[in-house]
Peer 1: 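Quick one: the structure is below, and I'll ask about it shortly.
Remember, it's a predicted structure, so these values are computed and weren't measured experimentally. Atoms within a ligand are numbered from 1 in the order they appear, just like the ligands themselves.
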Amino acid sequence: MMNLYQPFLDEAIAQLSARLKLEPYPIPEGFGKKVATVGKGKKQEVVVTTSYGFAAPKLRQIRAAHVQGGESLQVLNLVIFPQLNYDLPFFGADLVSLPGGHLIALDMQPLFRDDPSYRAKYTEPIWGIYERHKPHLPWGGDFPAEAQPFFSPAFLWTRPKKTEVVQTRVFEAFKEYLAAYLELVEGAQPVSDREQRERIKQAQLRYLRYRAEKDPARGMFTRFYGAEWTEEYIHGFLFDLERFLGISQREGAIANG
Ligand code: DBV
């Protein structure tokens, strides 16, 4: 399980570099690489979290968090946030390996899930990929109902028992989803209509607030690196749109109800 997701990260950076004009996205000081030693005695492990950030035309932030904790923990979380004048979905990958097994979430997460024309534009292009992989990557079961609006019908959600499945099937699906996403980015046209732009911004904020508030890694990061570091990592890097827009978290909390 050691470094299970390094090839995924390498592949993502290779695809992104080949298809986009990448620029660095700033990573706040102290968040580029974080190391902690956890556990006692024989169970002691060093957990290293490495962050990657890029921007590209049409894409406000491309960011990844890679958590390497030896045999007991491997995570790659990669999210792409488009510029607010594009109606593109988010690219979202949450690849998590714990001693009990693997948890894989892969999707192009829609801004407007229930809009049929949006679905035709952004889910149909990946439907074939989804259908090809689904029989080998069975539905992972329960996930939070409140997360439902943020996933497309082509959401790959699976909990493989075998690491080999991650290295083969999941890796193929990951490559294909990312390639298909970059195709959509290439074809995307800017939105100039003010009202539509406002709807996009609100949909991005909804998604972002949900992810920041419910981040399933919060507990883990807090245990490793403390609460202060973790909250700043979540709001200042992983899910930073409110900061980017100059909205305080307090206003955000009020807007969220
Ligand atoms: N998840 C993140 C970030 C992570 C991360 C930024 C950098 O959003 C890791 C790290 N995800 C992570 C970890 C776990 C999960 C689980 C460590 C395991 C938590 C644990 O078992 O303790 C998809 N990720 C999950 C789960 C789901 C997702 C459904 C299971 C949660 C549960 O069982 O409660 N990805 C996640 C999600 C959205 C998404 C909810 C919502 C839009 O895109």
Peer 1: Tell me the protein heavy atom at minimum distance from atom 4 (C) of ligand 1, and give that distance in Å.
Peer 2: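 The closest one turns out to be A217 CB, 3.5 Å.
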
Peer 1: Tell me if the CD atom of E195 is crowded by more than 12 foreign heavy atoms within 6.0 Å.
Peer 2: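 Incorrect, the count does not exceed 12.
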
Peer 1: Relative to the heavy atoms of L238, which atoms of ligand 1 are at a distance of less than 4.0 Å?
Peer 2: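 Under 4.0 Å from L238, ligand 1 has these atoms: 6 (C).
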
Peer 1: Whether D240 and R63 form a salt bridge (side-chain N of Lys/Arg under 4.0 Å from carboxylate O of Asp/Glu) is what I want to check.
Peer 2: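 Salt bridge absent between R63 and D240.
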
Peer 1: Under a 3.5 Å cutoff, is there a donor and acceptor pairing between the side chains of R199 and Q202?
Peer 2: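 No, because no side-chain N or O of R199 sits under 3.5 Å from a partner of the opposite role on Q202.
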
Peer 1: Does any N/O atom on D94 come nearer than 3.5 Å to any N/O atom on ligand 1?
Peer 2: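 Min N/O separation from ligand 1 is below 3.5 Å for D94.
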
Peer 1: In plain terms, say whether R19 and E183 are close enough for a salt bridge, that is, a side-chain N and a carboxylate O under 4.0 Å apart.
Peer 2: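 E183 and R19: salt-bridged.
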
Peer 1: Short question: side chain of W229, backbone of G30 - any donor-acceptor pair under 3.5 Å?
Peer 2: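 Side chain of W229 to backbone of G30, a donor-acceptor pair under 3.5 Å: yes, one is there.
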
Peer 1: Looking at ligand 1, is there an atom of it that comes within less than 4.0 Å of some heavy atom belonging to K214?
Peer 2: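 It does not, in that no heavy atom of K214 comes within the 4.0 Å cut-off of ligand 1.
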
Peer 1: With a 4.0 Å cut-off on N to O distance, would you call R218 and E213 a salt bridge?
Peer 2: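 Not counted as a salt bridge, because no side-chain N and carboxylate O are separated by less than 4.0 Å.
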
Peer 1: Can E176 and R132 be counted as an ion pair, charged N to O under 4.0 angstrom?
Peer 2: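 Salt bridge between E176 and R132, a charged N being under 4.0 Å from a carboxylate O: yes.
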
Peer 1: Considering distance alone, does some N or O of R159 sit under 3.5 Å from an N or O of ligand 1?
Peer 2: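 No, there is no polar N/O contact under 3.5 Å.
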
Peer 1: Is the gap between the ring centers of F237 and F31 under 6.0 Å?
Peer 2: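 Not under 6.0 Å, so no.
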
Peer 1: Name the closest protein heavy atom to atom 34 (O) of ligand 1, giving the residue it belongs to and the distance to 0.1 Å.
Peer 2: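 Among all protein heavy atoms, the one nearest atom 34 (O) of ligand 1 is P144 CG, 4.5 Å.
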
Peer 1: Output yes when the distance from some N or O of ligand 1 to some N or O of Y207 is under 3.5 Å, and no in every other case.
Peer 2: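 There is no such contact.
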
Peer 1: Whether the S97 and Y5 side chains hold a donor-acceptor pair (N or O, under 3.5 Å, no angle test) is what I'd like checked.
Peer 2: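 Their side chains do contain a donor-acceptor pair, which is all the 3.5 Å distance test asks for.
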
Peer 1: Quick one: nearest non-hydrogen protein atom to atom 8 (O) of ligand 1, plus distance?
Peer 2: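 Nearest neighbour among protein heavy atoms for atom 8 (O) of ligand 1, to 0.1 Å: R211 NH2, 2.7 Å.
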
Peer 1: Could you find the nearest protein heavy atom to atom 22 (O) of ligand 1 and give me its residue, atom name and distance?
Peer 2: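 It is P216 O, 4.6 Å.
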
Peer 1: Report, in ascending order of atom number, the atoms of ligand 1 lying under 4.0 Å from any heavy atom of V96.
Peer 2: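 Reading through ligand 1 atom by atom, the close ones are 9 (C), 11 (N), 12 (C), 13 (C), 14 (C), 15 (C), 17 (C).
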
Peer 1: Taking heavy atoms and a distance under 4.0 Å, where does A65 meet ligand 1: side chain, backbone, both or neither?
Peer 2: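 Side chain only; the backbone of A65 stays clear of ligand 1.
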
Peer 1: Counting each atom of ligand 1 from 1 as listed, which ones have a heavy atom of M220 under 4.0 Å away?
Peer 2: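 In order of numbering, the contacting atoms are 17 (C).
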
Peer 1: Taking the six-membered ring for Trp, are Y25 and F81 closer than 6.0 Å centroid to centroid?
Peer 2: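 No.
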
Peer 1: Would you name the heavy atoms of F151 and R113 that are closest together and state the gap between them?
Peer 2: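 Smallest interatomic distance, heavy atoms only, reads O-NE, 2.5 Å.
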
Peer 1: With a cut-off of 4.0 Å, which atoms of ligand 1 are near a heavy atom of Q109?
Peer 2: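 Selected atoms, number and element: 42 (C), 43 (O).
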
Peer 1: Is there a protein heavy atom at a distance of less than 4.0 Å from atom 40 (C) of ligand 1?
Peer 2: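 Flag for atom 40 (C) of ligand 1 set to false, no protein heavy atom closer than 4.0 Å.
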
Peer 1: Quick test: of every protein heavy atom, which one is nearest to atom 29 (C) of ligand 1, and how far off is it to 0.1 Å?
Peer 2: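 Result: W157 CH2, 3.5 Å.
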
Peer 1: In the protein, which heavy atom is nearest to atom 2 (C) of ligand 1, and how far is it?
Peer 2: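 Of the protein heavy atoms, N77 ND2, 3.1 Å lies nearest.
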
Peer 1: Looking at E172 and K175, is any side-chain nitrogen of the basic one under 4.0 Å from a carboxylate oxygen of the acidic one?
Peer 2: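 E172 and K175: salt-bridged.
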
Peer 1: If we count only non-hydrogen protein atoms and require a distance under 4.0 Å, does atom 10 (C) of ligand 1 qualify as touching the protein?
Peer 2: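 Protein heavy atoms within 4.0 Å of atom 10 (C) of ligand 1 - there is at least one.
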
Peer 1: Among protein heavy atoms, which sits nearest to atom 37 (C) of ligand 1, and what does the distance come to when rounded to 0.1 Å?
Peer 2: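 Ranking protein heavy atoms by distance from atom 37 (C) of ligand 1, first comes F151 CZ, 4.0 Å.
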
Peer 1: If you measure from each non-hydrogen atom of L103 to ligand 1, which part falls under 4.0 Å: side chain, backbone, both or neither?
Peer 2: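 Looking at L103 and ligand 1, just side chain atoms fall under 4.0 Å.
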
Peer 1: Which residue and non-hydrogen atom of the protein lie closest to atom 21 (O) of ligand 1, and at what distance in Å?
Peer 2: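 Of every protein heavy atom, L98 CD1, 3.9 Å lies nearest to atom 21 (O) of ligand 1.
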
